[in-house]
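For reference, the structure discussed in these notes is given below.
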Amino acid sequence: MSHKQANNAIRCRVDSCEYHCDDQQYCSLSSIQVEPCANCHSGKASDESMCASYKCK
C-alpha cells in the first residue's frame, strides 16, 4: 500500500475515491478535472458539476 500525499489545495470528502486521503479531507492528485453533468441545468452546484478524475477504490 502506498502512502498518499494530501494536496491541501484540493479538498475532498468522497471516501469511495481511490485518490481520497483516508485520514484527511483532501485529494492526493496534483490536479483534478471538473466536468459538467450531462443534461442537468438546475443551477445547483451539486447537480451541475462532477469530478471527472474520480476513480472508485
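In this text the structure is predicted, and so the values were computed from the model without any measurement. Residue numbers count from 1 along this sequence.
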SG (Cys51) and CD1 (Ile10) are apart, to the nearest 0.5 Å, by 8.0 Å
Give the table of side-chain donor-acceptor pairs shorter than 3.5 Å for residues 29-36, with sequence neighbours excluded, one pair per line with atom names and distance.
none

Closest non-hydrogen contact found for Cys12 with Cys27 is CB-N, 4.0 Å
More than 12 heavy atoms of other residues, nucleotides or ligands under 6.0 Å from CD of Gln5: is that the case? no
Those residues at least two apart in sequence (or on a different chain) that pass side chain to side chain donor-acceptor pair (under 3.5 Å) with Tyr26 are Arg11
* Is any side-chain N of the basic residue among Asp22 and Lys57 closer than 4.0 Å to the acidic one's carboxylate O? -> yes
The side-chain contact (heavy atoms from CB on, under 4.5 Å) partners of Cys17 (sequence neighbours excluded) come to Val14, Tyr19, His20, Tyr54
